[in-house]
Amino acid sequence: KDCRRNHSQNRGIKVSSAQKMIKPEQIKPEQIPIEQVVQQWVNGGKTLKELEQFTDDELYVIATYGYNFLLQGKYESAKTLFLGLTSIDSKNEYYHRVLALIWYNLGDFEKALQAVQTAMQVKAQNLTALLIRSEIYIAASRYTEAKTDIKVAIKLAQKSKNDVLLEKANMLESQLKNINKLAKRK
């Protein structure tokens with residue numbers, strides 16, 4: 001309880017006593033009881049980022065460390081940071097996309113798909129997330145779903161004139177065709 005109180009006071013949130021009732025009009029914004037903070041977070045009214053008042057710069061630094069861990073193959077360290085980031089700022093699609101890549105590299109395709117689905121819910125028409133999901137589907141041998149995503153990705157990339165992502169989508173389409181050719185030979 002002492003740790004919770006210290007953390008809460010550091011962030012300007014006071015822990016209320018269950019025995020002491022506080023009227024809403026008596027609460028200053030910086031004195032929101034921890035129970036109310038948790039309730040706002042759980043109900044989706046606010047992200048933990050908004051409640052804890054992390055700055056975008058602080059989160060960016062954490063994300064940079066996590067992404068570098070991913071690039072270095074330190075997947076467990078990257079996973080720890082990005083699980084935290086998605087908890088802190090659940091409305092940041094980038095964090096969910098990177099978490100999907102981490103789960104993909106760890107071989108947990110179901111969790112990777114869950115993470116990329118969340119990214120796509122946060123930001124509709126998410127071309128990068130669509131390509132990540134296509135790769136996951138291919139790795140999980142879910143070729144029909146991959147083909148559908150790739151077709152949509154090609155159309156979106158052409159429409160947005162994003163040559164880099166169009167090239168990636170075409171590469172995935174080619175990879176899928178090669179997989180189909182190999183399957184027919186067997």
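Checked by atom type and distance alone, the side chain of Ser174 never pairs as donor or acceptor with a backbone atom of Asn170 at under 3.5 Å. Between the Ser90 side chain and the Ser87 main chain, no donor and acceptor come within less than 3.5 Å of each other. When atom types are taken as modelled, the side chain of Glu135 and the backbone of Ile132 share no donor-acceptor pair closer than 3.5 angstrom.
By the criterion of side-chain heavy atoms lying less than 4.5 angstrom apart, applied directly or through intervening Ile, Leu, Val, Met, Phe, Trp or Tyr residues, Trp103 is not grouped with Leu131; the two fall into different hydrophobic clusters. No path of Ile, Leu, Val, Met, Phe, Trp and Tyr side chains, each step under 4.5 Å between heavy atoms, connects Ile179 with Phe109, placing them in separate hydrophobic clusters. The cluster map of Ile, Leu, Val, Met, Phe, Trp and Tyr, joined by side-chain heavy atoms under 4.5 Å apart, puts Tyr60 and Leu85 in different clusters. The hydrophobic clustering, which links ILVMFWY residues whose side-chain heavy atoms are closer than 4.5 Å, places Ile154 and Ile136 apart. Residues Tyr137 and Leu172 are members of separate hydrophobic clusters, defined by side-chain heavy-atom contacts under 4.5 angstrom among Ile, Leu, Val, Met, Phe, Trp and Tyr.
The distance from atom OG of Ser134 to atom CD1 of Ile150, rounded to the nearest 0.5 Å, is 4.5 Å. Rounding to the nearest 0.5 angstrom, the gap separating the CG atom in Leu166 from the CG atom in Leu156 is 11.0 Å. Rounding to the nearest 0.5 Å gives a distance of 11.0 Å between CG of Asn180 and CD of Gln175. One finds the CG atom of Asp163 at 8.5 Å from the CD atom of Glu167 (value rounded to the nearest 0.5 Å). Atom CG of Leu70 sits about 6.5 Å away from atom OH of Tyr75, to the nearest 0.5 Å.
The number of heavy-atom neighbours closer than 6.0 Å to CD of Gln158, taken from other residues, nucleotides and ligands shown, is above 12.
Judged as a side chain to side chain contact (heavy atoms under 4.5 Å, CB included), and not counting sequence neighbours, the contacts of Gln117 are Met120, Arg133.
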Dump the intermediate steps for side chain to side chain contact (heavy atoms under 4.5 Å, CB included) on Glu76 and Leu106, then the final yes or no. CA-CA 8 Å; Glu76 290 298 327; Leu106 288 169; 3.7 Å; yes
Can Thr128 and Arg97 be said to form a side chain to side chain contact (heavy atoms under 4.5 Å, CB included), step by step? CA-CA 8 Å; Thr128 304; Arg97 279 191 290 126; 3.1 Å; yes
Derivation of the side chain to side chain contact (heavy atoms under 4.5 Å, CB included) call for Leu113 and Tyr104: CA-CA 8 Å; Leu113 285 170; Tyr104 170 83; over 6 Å; no
Asp149 and Lys147: side chain to side chain contact (heavy atoms under 4.5 Å, CB included), yes or no, with the steps? CA-CA 5 Å; Asp149 275 1; Lys147 184 177 180 179; over 6 Å; no
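In this structure the side chain of Asn68 reaches within 4.5 angstrom of the side chain of Thr64, judged on heavy atoms. Residues Phe82 and Phe69 have side chains not in contact (no heavy-atom distance under 4.5 Å, counting atoms from C-beta outward). The side-chain heavy atoms of Leu130 and Asn126, taken from C-beta on, include no pair separated by under 4.5 Å. Within the 4.5 Å cutoff, the side chain of Arg185 has heavy atoms near those of the Leu182 side chain.
For the pair Ile102 and Lys79, the tightest heavy-atom approach, listed with the atom from each and the gap, is CG2-CB, 3.7 Å. Closest of all the heavy-atom pairs between Leu165 and Ala157 is C-CB, 4.1 Å. Listed here is the closest heavy atom pair of Val122 and Lys91: CG1-O, 3.0 Å. Closest heavy-atom contact between Ala169 and Ala153: CB-CB, 4.2 Å. Taking all atoms of both residues into account, the shortest heavy-atom contact from Ala129 to Val116 is O-CG2, 3.3 Å.
Here the rule is side-chain contact (heavy atoms from CB on, under 4.5 Å) with Leu81, and of Leu99, Thr86, Ile62 only Ile62 fits it.
Salt bridge annotation for Lys168-Glu173: absent, with no cationic side-chain nitrogen under 4.0 angstrom from a carboxylate oxygen.
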